[in-house]
Each structure stands twice: as structure tokens, then as C-alpha cells.
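Just so you know, residue 1 is the first one in the sequence shown, and it goes up from there.
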Amino acid sequence: LKFDRLINKSLLVRTCGVLNTKRVIQTFFSRVTSLRSRFKYILESIQFLHSIGIAHLDLKRDNLISDSAGRIRVIDFGASLALTGEHEMFFKQVCEKMKKSKKSDFTDKFKHGLLMKIAVHTPGYVSPEFQLCTDILGNKHLNKDTASKKISKKSNVKLSKSDSDFFKSVIKQKKQFLLDMFCGLNDKPPALFLSDVYSLGTVFKKIAKDGNVKNTQLNSLIKLMREPVYTKRITISECLEHPFFKSN
């Protein structure tokens, strides 16, 4: 076979890898214009996953890789869940059982089975509600103070008093919270999809910092994505409508 183009091996090695590699960041994420297009592509990739009912649930820089042309790929679906769509039979049955239960809480056996589905997460990237969900299903002793401190540490976020009060109310309504997370309430999709938004916000924050990119609109987007209270956090679709992606 005859090739018309030689591969620059040095360039290939330098610019391929996960999105916490210094050379990858310097090459593809050190300017606002290139960063904007790649962040948009990542969001669109996750938007597609959500559209077919899949929540990734372990989004971090180690699970996003770049090729030598700067094309980004999402990898490692070991922690992902098919919550809706054609492959959602498990959660469809779980949600029906949860909704029919007349008890304010669920049996330990039931919660343990559900916990095994979401046991994997990465501190520093995990959303507050995902962390709280694993604690509730793991029957951890939770109160306002312990829950807030653990969330702050694991999700690397500072909670305001109103944030802490929100999670305190969630702990009191465990059943409704779990239904919201896995099944969705009031015709809304499962809230676990919003956990991907939070994790991506953390990814974007770290990449922008390492790439030394300073942009007011990007900072605004990241803040909205990393909103601790998931009921106030923006969706993937709303992320793509943010002014940051409308700029030239």
C-alpha cells in the first residue's frame, strides 16, 4: 500500500491522551475558541447519551480522551446506567416497586441491590446528590452536619446554609429523593442525568485552569453546571444554549 501522508509520530504521541495531560491541554484547550468548540462537542456527546436514556455517572478527565486531531471521545462506561429508553427494564421494574411501596423507606435488601448499581464514583467529580444517594442506600447515619461535611469534601464544593438546608430536607424525604434520582418526578427525567452535568462542570473548570483560559462567560457556565442543589442546576440542553457558546 502507498500512503500519501507520513504520520508525525512525535506529534501523535504528544497530543493523544486523556484530558489531564499537559501537552493535550496546551495543544487543544489553551485558547477560548478551540476550548469552546471542544466543550460543545463533549456536551453534545453527553446530550446524545441522555437522549437514549444513558447516564454516564463517572465523567472525569481520565474518561475523556483526545486523538492527535483534537477529537474527543468519552470512554469507560463501567458505571453508566440505562435509566430510560429501550434498555431500561431493570429501572422500570424498580421504579414501579418504589412507587407502589406504602412505606416511607425501603428494606435494606432493596437498597443494597440498588446501591450495587451506583457503587462507583470519583471523589472530586461526584455530584452532591449522587454522593448523598450512595450514603442513603448504604444506610449511613446521616444528619445535617455529617451530610453537608461529606458532600463538601467528596464533591469539592462549598455549601451555603440554604444548600445544607436543602440536603437536610432531602434526608427527611428519602423515598421521594430516590424516586427523583432514578425514576423522575412530575414528568421530569431521572435527576441522575444532572449528575453528569455537575461532573462535566468540574472537568471544564479543571481544564480551563490548566489551560490558563480566563473567560467570564465560561466561568458563568461552570458555576451553573456546578450548582450544588440539583433542582436548580442547568440541564445539558441549557448548557448548550449558554451565551458562552453563542460568542464568536
Side-chain angles (χ1 to χ4, degrees), residues 18-20 25 28-66 70-77 79-85 121-122 124-131 155-158 163 166 180-181 184-211 213-248:
V18 295
L19 302 193
N20 58 7
I25 299 300
F28 300 120
F29 294 92
S30 60
R31 295 181 299 277
V32 173
T33 52
S34 58
L35 180 147
R36 180 184 289 118
S37 64
R38 288 179 174 84
F39 278 4
K40 183 179 181 181
Y41 182 81
I42 294 170
L43 283 166
E44 288 174 340
S45 298
I46 302 306
Q47 183 184 49
F48 169 74
L49 288 177
H50 290 182
S51 73
I52 59 174
I54 297 174
H56 188 283
L57 299 180
D58 195 24
L59 289 169
K60 55 187 178 182
R61 292 198 289 175
D62 286 346
N63 287 342
L64 295 166
I65 61 173
S66 170
R71 289 182 289 259
I72 310 302
R73 297 291 182 265
V74 182
I75 63 170
D76 194 352
F77 287 79
S80 65
L81 295 178
L83 295 170
T84 62
H121 62 267
T122 303
Y125 289 92
V126 64
S127 69
E129 69 274 12
F130 193 92
Q131 178 61 54
S155 299
N156 191 26
V157 64
K158 185 176 181 180
D163 294 339
F166 170 79
D180 198 8
M181 288 295 101
L185 293 174
N186 302 320
D187 297 322
K188 291 185 178 181
L192 276 182
F193 289 126
L194 291 169
S195 292
D196 282 346
V197 177
Y198 184 91
S199 298
L200 272 185
T202 302
V203 169
F204 291 176
K205 181 179 179 180
K206 291 177 180 291
I207 290 175
K209 181 180 179 181
D210 288 354
V213 174
K214 298 178 181 179
N215 181 278
T216 302
Q217 290 181 334
L218 175 59
N219 291 340
S220 168
L221 172 64
I222 290 171
K223 183 177 181 180
L224 292 169
M225 293 176 73
R226 297 189 77 250
E227 162 62 49
V229 177
Y230 70 90
T231 56
K232 298 190 293 184
R233 192 178 307 144
I234 61 176
T235 64
I236 288 286
S237 296
E238 290 169 334
C239 288
L240 289 165
E241 292 299 316
H242 191 274
F244 174 67
F245 295 110
K246 305 299 181 181
S247 304
N248 295 322

Original post:
Counting N and O atoms only, with roles assigned by atom type, does the side chain of Ser34 sit under 3.5 Å from a partner on the main chain of Phe28, one being a donor and the other an acceptor?
Top reply: yes
Subject >> Check: Phe130 and Leu57 side chains under 4.5 Å, non-hydrogen atoms >> reply: yes
Subject >> Note: Glu238-Arg233 ion pair, threshold 4.0 Å (strictly below) >> reply: no
Original post:
Is the backbone N or O of Tyr125 less than 3.5 Å from a side-chain atom of Thr202, with the two atoms forming a donor-acceptor pair by type?
Top reply: no
**OP:** Just grab all the ring pair (Phe, Tyr, Trp, His ring centres under 6.0 Å) pairs involving residues 219-246, residues at least two apart or on different chains.
**Re:** Phe166-Tyr230
Original post:
Any idea which heavy atoms bring Ser51 and Phe48 closest together, and the distance?
Top reply: OG-O, 2.5 Å
Original post:
Can you tell me if Arg38 uses its side chain to pair, donor with acceptor, with the backbone of Gly70 under 3.5 Å?
Top reply: yes
Original post:
How far apart are the C-alpha atoms of His56 and Val74, what are their side-chain angles, what is the distance that settles it, and do they pass the side-chain contact (heavy atoms from CB on, under 4.5 Å) test?
Top reply: CA-CA 9 Å; His56 188 283; Val74 182; 3.6 Å; yes
Original post:
Between Asp58 and Thr122, is any pair of side-chain heavy atoms under 4.5 Å apart?
Top reply: yes
Original post:
Judged by modelled atom types alone, do Asp196 and His50 share a side-chain donor-acceptor pair under 3.5 Å?
Top reply: yes
Original post:
Closest approach of Arg226 and Tyr198, non-hydrogen atoms and distance?
Top reply: NH2-OH, 3.2 Å
Original post:
Between Ser45 (side chain) and Tyr41 (backbone), is there a donor-acceptor pair under 3.5 Å?
Top reply: yes
Subject >> Test: Arg61 and Asp210 ion pair at under 4.0 Å >> reply: yes
Subject >> Point-to-point distance, once rounded to the nearest 0.5 Å, from CG of Leu192 to OG of Ser80 >> reply: 12.0 Å
Original post:
Does the side chain of Lys60 come within less than 4.5 Å of Ser199's, by heavy atoms?
Top reply: no
Subject >> Flag side-chain contact, heavy atom, 4.5 Å: Leu240 against Lys40 >> reply: yes
Original post:
Taking atom CZ of Arg36 and atom CG of Asn215, what is their separation to the nearest 0.5 Å?
Top reply: 6.5 Å
Subject >> Nearest-0.5 Å distance, SG of residue Cys239 to CG of residue Leu43 >> reply: 5.5 Å
Subject >> Donor-acceptor contact below 3.5 Å, side chain Ser155 vs main chain Val126 >> reply: yes
Original post:
Pick one: which of Val18, Ile25, Ile72 meets side-chain contact (heavy atoms from CB on, under 4.5 Å) with Ser66?
Top reply: Ile72
Subject >> Separation of Leu49 CG from Phe77 CZ (nearest 0.5 Å) >> reply: 5.0 Å
Subject >> Lys NZ or Arg CZ of Lys209 over Phe204 ring: under 6.0 Å, within 45° >> reply: no
